[in-house]
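One-based numbering, in listed order, for ligands and for the atoms of each. In this chain, numbering begins with 1 at the start of the sequence shown.
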Amino acid sequence: MDLTLTREQEMLRETVRAFADEVLKPRAAAFDRSREFPLDNYRRCAELGLCGMMVPEAYGGAGFDGVSYVIAIEEVSRACASTGVILSVNNSLFCAPVQRHGSEAQKRKYLVPHARGEKIGAYCLTEPQAGSDAGALRTLAKRQGDRYLLSGSKVFVTNGIAAHTFIVYATLHPKLKHKGICAFIVERGFPGLRQGKPEHKMGITCSGSVEIVLDECEVPAENLIGQEGDGFKIAMATLDGGRIGIAAQAIGIASAALEESLAYSQSREAFGRPIADFQAIQWKLADMATEIDAARLLAYRAAWARDHKERCSLETSMAKLFASEACMRAAKEGVQIHGGYGYINEYTVERLFRDAKITEIYEGTSEVQRLVISKEILRED
Ligand code: CAA
C-alpha cells in the first residue's frame, strides 16, 4: 500500500478545500443556528461530483477511489460538518449498497440520480429499541403478492427531512434474528410512509434527522435488494464503508479545531505574551496535530482496504474509533485553548465541540467499534 497521494488526489484536495472555504464555511454558523437542511450546499457539492464519488461514471458517479473520498469528506467537514455527514450518507449508506448489491434495474432507476446528486438518499436501520443491537430491529416486512408491506418506526434518520429515497431494513420475523432481515429501496411517495418528528440535536444540527414511520408501507417486490434474509449482511457491509466517511468527517472537524486554535493562540496574549509561547498550549497543539495525522493514515488505510479487500471491518472500525475519539479530544482542547471565548457561540470551536460528539456515536458507537475490532483480532489468533 502506497500512502503517497497522487497528483489527482492532491488536486481534488485543493479543489474541495477552495470550494469549502469559499462556499460552505461562511454559511456554516447560520445553518447551525437555523437548523435548515442545506439544500443549496448539496446542489453545489453535486456540481463537483461529490454525491456519488466512488460510483462508476456509467452510473452517474465520479469514479474516484476510496482515499479520494476520505479527502473530500474531510475537506467538506472542515468547513461544515453537517454537509459532511449529508454527503457521507448519500455516498456510503445509499449509493454503495445499491451499487454493490442492487440489480441492474435498481442501479439504473435509483443509483444514477442519487450519484449525480439530483436526489438525496437516506438509510433506515436504527429503531427506538434497536441501536447498537441492530439485529434486534422489529420493523416487519410481510410479502403480499407482488409487493411487501413494511410496518415499524425508524429513528435518527440522517437526511430524512430532505431524502427522496430510503434504504429500509425490515425483518420477515423477529424470531429469525439477523437471518430474517431484508433491505428495501423505499421512495418517499410510497403509500404508508410518513415523516415523524425532527430530532433536535446537540450538533450537526442541519443534517435533517427525523423519525420515519412505516404503516403497511407498500414496496414493490422488485425493490428488495439481493435476496430475502440478505439485509443484515448488506447493512453491516454498508457500515464498513460508512464508518470510513465518519472517520473522514471526524478528521475534518478536528483539523478545523486545530486551525482555530493555532490562530487564536498566536493572537491572544496573556502575561504579556501570545499564549502560543507557553508550553502548556504548545503541547496541546502538538497532540492535536499528531492525532489528526494518525487518524488520517488509519482512514487512508481503511479506504484502501475497502477498495482492495472483500472484508475490511477491522481497518474501518479502527479508523472510525481512533478518528472520532481524536476528534473529541481536539475539540475539547480547542475550547480549552480559547478559554471563556470557546464557550460562546461567536467562536467556531463552540460549534466544533458540539459537532464532534456525534462521531463517537453514530454508525456504531466507540463501544461497538471496540466490539468489532476485538472480534476480528480474536478470530485472527
Ligand atoms: N460484512 C458482512 N457480513 C457481516 C459483517 C460485515 N461487516 N458484520 C457481520 N456480518 C455477518 C456475520 O458474519 C454473521 O454472519 P453469519 O450469520 O453467516 O455467521 C452475521 O452478519 C451476524 O454477525 P454478528 O454475529 O457479528 O452480529 P451481531 O448481532 O453480534 O452484531 C454488531 C454485531 C457489530 C454489534 C452490529 O449489530 C453493529 O454494527 N451494531 C451497530 C449498528 C450501527 O452501527 N448503527 C448505525 C446506524 S446508521 C447511522 O448511524 C447513520 C447515520 O445517522 C449517519
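Closest to atom 5 (C) of ligand 1 among all protein heavy atoms lies Arg311 NH2, 3.1 Å. Nearest protein neighbour of atom 29 (O) of ligand 1, counting heavy atoms only, is Phe232 CZ, 4.0 Å. Of the protein's non-hydrogen atoms, Thr126 OG1, 3.3 Å is the one closest to atom 47 (C) of ligand 1. Scanning the protein heavy atoms around atom 41 (C) of ligand 1, the nearest turns out to be Ser132 O, 3.4 Å. Annotation: atom 39 (O) of ligand 1 to nearest protein heavy atom, Arg243 NH2, 3.0 Å. Of all protein heavy atoms, the one closest to atom 36 (C) of ligand 1 is Met236 SD, 3.6 Å. Of the protein's non-hydrogen atoms, Val372 CG2, 3.7 Å is the one closest to atom 34 (C) of ligand 1. For atom 17 (O) of ligand 1, the closest non-hydrogen atom of the protein is His178 NE2, 2.7 Å.
Under 3.5 Å, the side chains of Asp65 and Ser68 contain a donor-acceptor pair of N or O atoms. In the model, Tyr148 has no side-chain atom that pairs as donor or acceptor with a side-chain atom of Asn223 under 3.5 Å. Side-chain contact of Glu350 with Tyr341: a donor-acceptor pair under 3.5 Å is absent, judged by distance alone. The closest side-chain donor-acceptor pair between Glu360 and Thr365, if any, does not fall under 3.5 angstrom. If you check the side chains of Arg351 and Asn345, you find no donor sitting under 3.5 Å from an acceptor. For the 3.5 Å distance criterion, the side chains of Ser207 and Lys201 qualify, holding a donor opposite an acceptor.
Considering both main-chain and side-chain atoms, Asp133 never comes within under 3.5 Å of ligand 1 through any nitrogen or oxygen pair. Some N or O of Asp240 is nearer than 3.5 Å to an N or O of ligand 1, by distance alone. Backbone and side-chain nitrogen or oxygen atoms of Ile246 are examined, and none is located within less than 3.5 angstrom of a nitrogen or oxygen of ligand 1. Backbone and side-chain nitrogen or oxygen atoms of Ser313 are examined, and one is located within less than 3.5 angstrom of a nitrogen or oxygen of ligand 1. Of the N or O atoms in Lys233, one or more lie within a sub-3.5 Å distance of an N or O in ligand 1.
The atoms of ligand 1 that sit less than 4.0 Å from any heavy atom of Thr158 are 52 (C), 53 (O), 54 (C). Close contacts of ligand 1 with Val89, meaning ligand atoms under 4.0 Å from a residue heavy atom, involve 54 (C). Against a heavy-atom cut-off of under 4.0 Å, Leu239 is close to the following atoms of ligand 1: 43 (C), 44 (O). Short contacts between ligand 1 and Tyr362, defined as distances under 4.0 Å to a heavy atom of the residue, involve ligand atoms 50 (O), 53 (O), 54 (C). Near Gly131, meaning under 4.0 Å from any of its heavy atoms, are these atoms of ligand 1: 42 (C). Against a heavy-atom cut-off of under 4.0 Å, Lys375 is close to the following atoms of ligand 1: 24 (P), 25 (O), 26 (O), 30 (O). Taking every non-hydrogen atom of Phe156 and a distance limit under 4.0 Å, the qualifying atoms of ligand 1 come out as 53 (O). Listed by number with element, the atoms of ligand 1 under 4.0 angstrom from any heavy atom of Tyr123 are 48 (S).
Shown here for Val155 and Glu127, the closest heavy-atom pair between the two residues is CG2-C, 3.6 Å. Heavy atoms only, all atoms of each residue included: Lys154 and Val168 are closest at CE-CG1, 4.2 Å.
Atom OH of Tyr343 has 12 or fewer heavy atoms from other residues, nucleotides or ligands within 6.0 Å. Within 6.0 Å of atom CZ in Arg138, 12 or fewer heavy atoms from other residues, nucleotides or ligands are found, so the atom counts as exposed in its surroundings. Enclosure of atom NZ in Lys107 by more than 12 non-hydrogen atoms of other residues, nucleotides or ligands within 6.0 angstrom is indicated.
Between Phe94 and His114 the shortest side-chain heavy-atom distance falls below 4.5 Å.
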All N/O donor-acceptor pairs, side-chain side in residues 248-256, below 3.5 Å, sequence neighbours left out:
from, atom 1, to, atom 2, distance (Å)
Gln249, OE1, Tyr362, OH, 2.6
Gln249, NE2, Ala81, O, 3.0
Gln249, NE2, Tyr362, OH, 3.0
Ser255, OG, Ile251, O, 2.7

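The closest approach between a heavy atom of Ser88 and any atom of ligand 1 is not below 4.0 Å. Judged by the shortest distance from any of its heavy atoms, Lys179 lies inside the 4.0 Å radius around the atoms of ligand 1.
Listed by chain and number, the residues in a salt bridge (charged side-chain N to carboxylate O under 4.0 Å, His left out) with Asp287 amount to none (sequence neighbours excluded).
Within a 4.0 Å radius of atom 19 (O) of ligand 1, the protein has no heavy atom. Closer than 4.0 Å to atom 22 (C) of ligand 1 lies at least one heavy atom of the protein.
Under 4.0 angstrom from ligand 1, there are no non-hydrogen atoms of Val157. Residue contacts with ligand 1, taken as heavy atom pairs separated by less than 4.0 Å, involve Glu363 via backbone and side-chain atoms alike.
The distance between the ring centers of Tyr169 and Tyr123 falls below 6.0 angstrom.
Note on ring orientation: taking the six-membered ring where Trp is involved, the planes of Tyr347 and His338 are perpendicular (angle over 60°, cut-offs 30° and 60°).
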